[in-house]
Amino acid sequence: MSERAPGRTAPAATSADPGDRRPRADARRNLDALIQAARTVFARSGVDAPAKEITDLAGVGVGTLYRHFPRRAALVAAVLQHEIDACAEAGPGLSAEHGPVLALARWMDRYTAFVGTKRGLAGAMHSGDPAFEGLHAYFLQQLEPALAALLDAAAATGEVRDDISARDVLHAIALLSQPVPGEDDPAYSRRLVSVFVDGLRTPSPPAPPA
């Protein structure tokens, strides 16, 4: 995709005419399809995958991709924001379905998949491109409180230590999920994270002497 200066989308029409609403709905569907397709393609082929691979999966033309995302960096940023939002929003649902410790473990597994299977996204984020300005702050703004709520609930059970912050956990898992030469299987990162998760548990009291 071209690296020309990003264009600006024209403001949406304010008319209540149903004929105006339908193009807006079609554009929204196309945008959602492009983000979902890019999410899949980036995980499979990396952020430099051909634009046609993304548009073929989304079922739209390359022109539609360029209208929504004139630059590759804008598409990468949109995928990252979508993934951050989805990860943050998963917390309450997991808490409703599982006990506090299991909900925390399930959320961290999801977060590991997010940071560990997006080939090239971390490098793109730190490329200095203006499209990524503010994204790290957004990452913390969304994910830190979501994880803090899970950590607090798990710590209240006495099964998880209470001396580690949500930011500590976010950074630790991100570091453990970095690519390792010769270990391309995402299961490798998940195994390392599982060891880290076990380390969050409070030590069992020593058994009484016989």
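Computed from a predicted structure; not experimentally measured. For the numbers below, each heavy atom of this structure counts, side chains included, while hydrogens, waters and symmetry mates do not.
At a threshold of 4.5 Å between non-hydrogen side-chain atoms, the residues Phe139 and Leu80 do not count as touching. In this structure the side chain of Phe42 reaches within 4.5 angstrom of the side chain of Ile54, judged on heavy atoms. Using a 4.5 Å heavy-atom threshold, the side chains of Tyr138 and Leu143 count as separate. Between Leu75 and Tyr66 the shortest side-chain heavy-atom distance does not fall below 4.5 Å.
For Trp107 (side chain) and Leu102 (main-chain N/O), no donor-acceptor pair under 3.5 Å exists by modelled atom type. Judged by distance alone, the side chain of Tyr111 and the main-chain N or O of Leu170 form a donor-acceptor pair under 3.5 Å. The main-chain N or O of Ala153 is never found under 3.5 Å from a side-chain atom of Thr157 such that the two would form a donor-acceptor pair. The main-chain N or O of Lys52 is found under 3.5 Å from a side-chain atom of Thr55 such that the two form a donor-acceptor pair. With Arg72 contributing its side chain and Val47 its backbone, the two residues share a donor-acceptor pair below 3.5 Å.
For the residue pair Glu159 and Thr202, no side-chain donor N or O sits within less than 3.5 Å of a side-chain acceptor on the partner. In summary, the side chains of Arg106 and His98 do present a donor paired with an acceptor at a separation below 3.5 Å, with no hydrogens or angles considered.
Heavy atoms only, all atoms of each residue included: Gly91 and Leu150 are closest at O-CD2, 4.1 Å. The shortest non-hydrogen separation linking Ala78 to Phe69 is CB-CE2, 3.6 Å. Heavy-atom minimum distance, Val79 versus Ile35: CG2-O, 3.9 Å. Residues Ala77 and Ala131 approach most closely at CB-O, 3.8 Å, considering heavy atoms. Closest approach of Cys87 to Arg110, counting heavy atoms only: CA-NE, 3.9 Å. Contact record, Ala146 with Ala88: CB-O, 3.7 Å, taken as the closest heavy-atom pair.
The side chain to side chain donor-acceptor pair (under 3.5 Å) search around Arg201 returns none, not counting sequence neighbours.
The CD atom of Glu89 lies 11.5 Å from the CD1 atom of Ile84; values are rounded to the nearest 0.5 Å. Rounding to the nearest 0.5 angstrom, the gap separating the CD atom in Glu53 from the CG atom in Asp48 is 11.5 Å. Atom NE2 of His68 and atom CZ of Arg28 lie 8.5 Å apart (nearest 0.5 Å). Note that CG of Leu151 is 7.0 Å distant from CE of Met108, once rounded to the nearest 0.5 Å. Here Arg39 contributes atom CZ and Glu83 contributes atom CD; the two are 4.0 Å apart, rounded to the nearest 0.5 Å. Atom CZ of Arg167 and atom CG of Leu140 lie 4.5 Å apart (nearest 0.5 Å).
Note on Leu192 and Leu175: separate hydrophobic clusters, where clusters join Ile, Leu, Val, Met, Phe, Trp and Tyr whose side-chain heavy atoms are under 4.5 Å apart, directly or indirectly.
Each of Leu94, Asp109, Leu147, Asp152 was scored for a side-chain contact (heavy atoms from CB on, under 4.5 Å) with Leu104, with one residue passing: Leu147.
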request  = Report the C-alpha separation of Arg191 and Ser194 in whole Å, then their side-chain angles, then the decisive distance to 0.1 Å, and conclude whether the side-chain hydrogen bond (donor to acceptor under 3.5 Å, both in side chains) test is met.
outcome  = CA-CA 5 Å; Arg191 185 171 68 82; Ser194 71; over 6 Å; no

